[in-house]
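Inspection log for the structure reproduced underneath, given as structure tokens.
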Amino acid sequence: MDQHTHRDDTRTTSAKSAGVALNVLALCFVLMVLGRGLSDSFSVFLKPISESFDWDRAEVVSVYSLTWLAAGLTAPVVGRLFDRLGPRAVYALGLLLLGGAFLVAAHARQLWQFQLSVGLCVGFGAALIGIVPHSIMLGRWFGPRLPTAMAVLYSAPGAGLLLLLPLSQILIDRMGWRGAYQLYGVVMLCLLLPLVLLPWRRFAGGAPHVVKPAETSLAAEGWTLASAMRHHAFWALFSTFFFTSIAMFGLTAQIVAYLIDVGFPPLQAATAWGFSGVTLFVGMLGVSTLDGIIGRRPSILFSYGVSILGIFLLWLLQWYPNYWLLTGFVVTFGSMIGSRGPLITATALKIFRGERVGTIFGAISIGSGLGSAFGSWSGGLIHDWTHSYNPLIAFALVSVVLGMIPFLVVPALRR
């Protein structure tokens with residue numbers, strides 16, 4: 001009887017832990033949708049804000065570049081705040097920053113006001129409810145199943161694009177871009193109360209069967225940030241994040257404006273690019289499945305090849321603006337935007353596993369933030385200098401190739 005009772009109690013505990021784990025994953029997913037979706041919605045606001053103030057494209061895109069610069073550079077800070085304050089404070093601060101930033105942006109008149117609010121504050125706010133704290137939370141609950149949970153989480157930006165880009169265009173059409181920003185700000189602040197009331201002590205505790213073995217095994221690993229930075233794999237992964245982000249964000253910041261300029265109506269342009277959220281989810285699952293069939297390196301190189309095809313289709317759209325090419329672009333380029341993320345993250349966590357893996361991965365992730373900021377700002381500058389999208393497309397193509405080179409030549413990434 002005692003053995004049976006013990007087994008029943010163990011099964012009940014496991015079932016409860018699994019239920020809580022799914023709730024934590026759902027919460028992280030929703031917060032990721034909000035953070036990334038609201039950040040990426042700037043591609044819809046770019047054209048109306050630019051026309052309202054008669055600003056150059058590079059000036060307006062500088063706001064978007066600051067968003068991702070702030071998100072990237074504050075990633076290690078977010079990790080330290082999470083360790084010191086816990087998830088309740090970190091996530092609440094993120095919503096507070098996002099809500100306040102959008103309310104300020106709704107009344108902004110000067111470029112520096114947009115750069116401070118939609119740029120720096122939204123970037124930091126998105127980081128506070130972004131990948132770094134979510135990775136820590138999910139790592140406490142999923143253990144060996146963490147790659148699957150991370151694949152689900154990495155699909156959240158796609159859901160954000162699908163939901164918030166068309167919604168942003170509808171709100172802009174009906175109440176103007178100021179009204180849309182004001183509504184977003186109010187919604188974020190209203191979400192603060194239910195967020196604070198969640199059972200955070202339970203969520204932060206983790207599953208016993210995951211947390212205890214991890215605590216006993218950490219002492220065996222000796223990586224520090226200093227030793228990791230002396231390893232060629234650190235800089236290879238950093239450069240992959242950097243150059244890939246340059247290519248992706250150099251284009252995504254202006255895709256809706258580009259589609260409008262080549263002849264698509266604004267709502268159709270925003271909806272089409274928003275649909276990339278669906279293709280991103282499919283691409284994420286597809287590349288993750290390939291990882292188990294043909295291996296990590298071939299899967300990542302395949303994803304880069306599909307991205308290059310998507311960039312070529314984008315170039316063709318200016319000459320043949322039809323829905324077939326548009327669909328092909330959204331499916332190829334959109335599906336691969338974040339598809340490499342879970343695999344590259346898993347590679348970094350495998351190489352630098354140990355007590356300080358969060359700090360090391362946060363430092364590697366700075367490459368993504370720097371690349372996102374530089375790519376979006378450079379893209380706007382290139383468009384202003386040339387008054388054409390072709391040099392921007394070529395710039396993105398070169399950056400994609402540079403991003404995949406480490407997986408061709410670096411020994412640690414070829415295994």
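Every heavy atom of this structure was used, including side-chain atoms; hydrogens, water molecules and symmetry mates were not. The shown structure was predicted, so the numbers you read here are calculated from the model rather than taken from an experiment.
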When you compare the side chains of Tyr64 and Ser43, does any donor N or O come within less than 3.5 Å of an acceptor on the partner?
no
Start with the C-alpha distance between Ser52 and Arg178, add both sets of side-chain angles, then the distance that settles side chain to side chain donor-acceptor pair (under 3.5 Å), and finish with yes or no.
CA-CA 11 Å; Ser52 294; Arg178 292 188 185 277; over 6 Å; no
Relative to each other, are the rings of Phe234 and Phe238 parallel, tilted or perpendicular (30° and 60° limits)?
parallel
Tell me whether Ser378 contacts the main-chain N or O of Gly375 through its side chain, where contact means a donor paired with an acceptor under 3.5 Å.
no
Can a donor-acceptor pair be found, under 3.5 Å and without considering hydrogens, that links the side chain of Ser168 to the backbone of Phe42?
no
Could you check Gln169 against Thr271 for side chain to side chain donor-acceptor pair (under 3.5 Å), going step by step and ending with a plain yes or no?
CA-CA 8 Å; Gln169 188 62 58; Thr271 302; over 6 Å; no
Would you call the rings of Trp200 and Phe203 parallel, tilted or perpendicular if under 30° counts as parallel and over 60° as perpendicular?
perpendicular
Show your working on side-chain contact (heavy atoms from CB on, under 4.5 Å) between Met404 and Ser307 and close with a plain yes or no.
CA-CA 11 Å; Met404 67 185 255; Ser307 293; over 6 Å; no
Give me the atom names and distance for the closest heavy-atom approach of Val122 to Thr67.
CG1-CG2, 4.1 Å
Got a donor-acceptor contact below 3.5 angstrom from the Ser50 side chain to the Lys47 backbone?
no
Nearest heavy-atom neighbours spanning Ala269 and Ile260
CB-CG1, 3.9 Å
Given the rule in the side-chain contact (heavy atoms from CB on, under 4.5 Å) test, do Leu85 and Leu93 qualify, once you have shown the distances and angles that lead to the verdict?
CA-CA 11 Å; Leu85 304 178; Leu93 180 59; over 6 Å; no
Please check if the distance between the ring centroids of Tyr304 and Phe407 is under 6.0 Å.
no
Taking the six-membered ring for Trp and the single ring otherwise, decide whether the centroids of Phe329 and Trp273 are under 6.0 Å apart.
yes
With a 6.0 Å cut-off on the ring centroids, do Phe249 and Phe374 count as close?
no
For Val61 and Ala253 the tightest heavy-atom approach is CG1-CB, 4.5 Å
Any chance the rings of Phe114 and Trp177 have centres within less than 6.0 Å?
yes
Do Thr224 and Ser227 have a side chain donor and acceptor closer than 3.5 Å?
yes
Crowded around Phe53 CZ? As in, over 12 foreign heavy atoms under 6.0 Å?
yes
For Phe264, does the CZ atom sit with more than 12 other heavy atoms under 6.0 Å from it, leaving out its own atoms?
yes
Quick check: do Val400 and Met248 have side-chain heavy atoms less than 4.5 Å from each other?
yes
With a cut-off of 6.0 Å (strictly less than), are more than 12 heavy atoms of other residues, nucleotides or ligands near CZ of Phe395?
yes
Closest non-hydrogen contact found for Met137 with Cys28 is CB-SG, 4.3 Å
Flag, side chain of Ser245 to backbone of Phe242, donor-acceptor distance under 3.5 Å:
no
His134 versus Tyr91, side-chain donor and acceptor atoms under 3.5 Å
yes
